[in-house]
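Read through the structure below, which is laid out as structure tokens, and then see the notes.
Just the heavy atoms: all of them, side chains too, but no hydrogens, waters or symmetry mates, feed the values below.
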Amino acid sequence: MTDNPANTAFSNKKNFTWVGLSGAMALTFVVMLFLPDTGTGGGMLSVYAAMLWCGLFGASLARYRQASGWTGFAMGSAAGFIIQLISQFF
């Protein structure tokens, strides 16, 4: 039985699909932070969403670059938190 590429989609660290999908979601929430009346304005949901999606993007990017996913998640979450703080001034 041969190994189907679809079976290794989650474990393959060089699969760019997850980097692109998580980056698109992170970009969506970051852009929504800077647009007025989009529903993510000043509530706690915006902090969690920015930290989560930027963290997932950081983790998938770190795994793609053969680094620790946990370190990438921590750095991405910190970046999401800082971006959310900056968005409150604009």
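- Considering only residues two or more places apart in sequence or on other chains, L52 meets the side-chain contact (heavy atoms from CB on, under 4.5 Å) condition with L56.
- Every residue meeting the side-chain contact (heavy atoms from CB on, under 4.5 Å) condition with M51, not counting sequence neighbours, appears here in chain and number order: V47, S77, F81.
- Nearest heavy-atom pair across A50 and G80 is CB-O, 3.6 Å.
- Atom OH of residue Y48 and atom CD of residue Q84 lie 11.0 Å apart, to the nearest 0.5 angstrom.
- Between G72 and A62 the shortest heavy-atom distance is CA-CB, 3.8 Å.
- Residues forming a side-chain contact (heavy atoms from CB on, under 4.5 Å) with T28 (at least two apart in sequence, or on another chain): M32.
- Taking the side-chain hydrogen bond (donor to acceptor under 3.5 Å, both in side chains) definition, one finds that S22 meets it with S60, sequence neighbours left out.
- With rounding to the nearest 0.5 angstrom, the CH2 atom of W70 is 15.5 Å from the CE atom of M75.
- Across every non-hydrogen atom of C54 and G76, the tightest pair is CB-O, 3.1 Å.
- The hydrophobic cluster containing F16 also includes V19, F57, L61, Y64, under a criterion of side-chain heavy atoms closer than 4.5 Å among ILVMFWY residues, counted directly or through chains of members.
- Here F73 pairs with nothing under the ring-ring contact (aromatic ring centres under 6.0 Å, His included) rule; sequence neighbours left out.
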